[in-house]
Amino acid sequence: MSTVLRSIAALALFCGAVAAQTTAQPAEAKKVKVLIAYHSVMGHTAALAKAVQEGASRVSDVEVKLETTAGVKCQDLLSADALIVGSPVYWSNMSAEVKTFFDRWTHDCNVLPPAFEMKDKIGAAFVTGGEVSSGKETTLLGMVIAMLGNRMIVVSEGEALGAAATTGEGKYPVTPKDLEQGRRLGERVARLAVQFNKGRAAK
Ligand SMILES: Cc1cc2nc3c(=O)[nH]c(=O)nc-3n(C[C@H](O)[C@H](O)[C@H](O)COP(=O)(O)O)c2cc1C
């Protein structure tokens, strides 16, 4: 066998060995990350956040992180595939802490146009409010608008705009029905995030 033929044969053997090794050790599938960020003083929004976490954890191949809005690091925010934000209703709006959280994306985490680093991540919101009809929907809208401004893909579950609970100014615990709304929201967001990631990987 000529030197050239011997070299080609050796190369073919090497490539075959590499290919066999690649098929024998498939890379571990990357888990989809769902971040749940909330603000709560009296514990009601925290209880709903926990239910959202339980719902998201029902979906396999998902890593769920629960954190206060003040505690979220830029790394967690930017590496998340989906973000679900919870706020108490303060004067028919999100609390100042939650607004600061959204504003911090730009100030601290460099989330700016034209790149819009949060673009194409799935987003959703949940709230707790003292009264039945004193600003839960306007609060949800405010949070959803902040996500849309960041070019996120906004979805809902529970109520039309997200999960919500009425707490009677701290008099009532979040009801089992409202907790289940939160679980459904978490589960839907996690399921969609997995589907989107599969679609992107297939491209
Ligand atoms: C400063 C402040 C403003 C509030 N404004 C509203 C309001 O406009 N509408 C409403 O339904 N509840 C309002 N509430 C009640 C809270 O939204 C409610 O008690 C909520 O469940 C508290 O959440 P937390 O237990 O997670 O702190 C307000 C409470 C505070 C402290």
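Just so you know, these numbers come straight off a predicted model, no measurement behind them. For ligands, and for the atoms within them, numbers begin at 1 and follow the listed sequence.
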Quiz prompt | Within the 4.0 Å heavy-atom sphere of ligand 1, strictly under, residues | solution = S40, V41, M42, G43, H44, T45, P88, V89, Y90, W91, S92, T128, G129, G130, E131, S134, T167, E169, G170
Practice problem: Verify the distance criterion only: is there a donor paired with an acceptor across the side chains of S92 and T138 at less than 3.5 Å? | Solution: no
Self-check item: Under 3.5 Å side-chain donor-acceptor pair for H39 and S87
Solution: no
Quiz prompt | F196 atom CZ, neighbour heavy-atom count above 12 within 6.0 Å | solution = no
Quiz item: Is a side-chain N or O of E157 found less than 3.5 angstrom from the main chain of Q181, in a donor-acceptor match?
Solution: no
Quiz item: Under the side chain to side chain donor-acceptor pair (under 3.5 Å) test, which residues partner K50, sequence neighbours left out?
Solution: none
Quiz item: For the residue pair M94 and V98, what are the closest heavy atoms and their distance?
Solution: SD-CG1, 3.8 Å
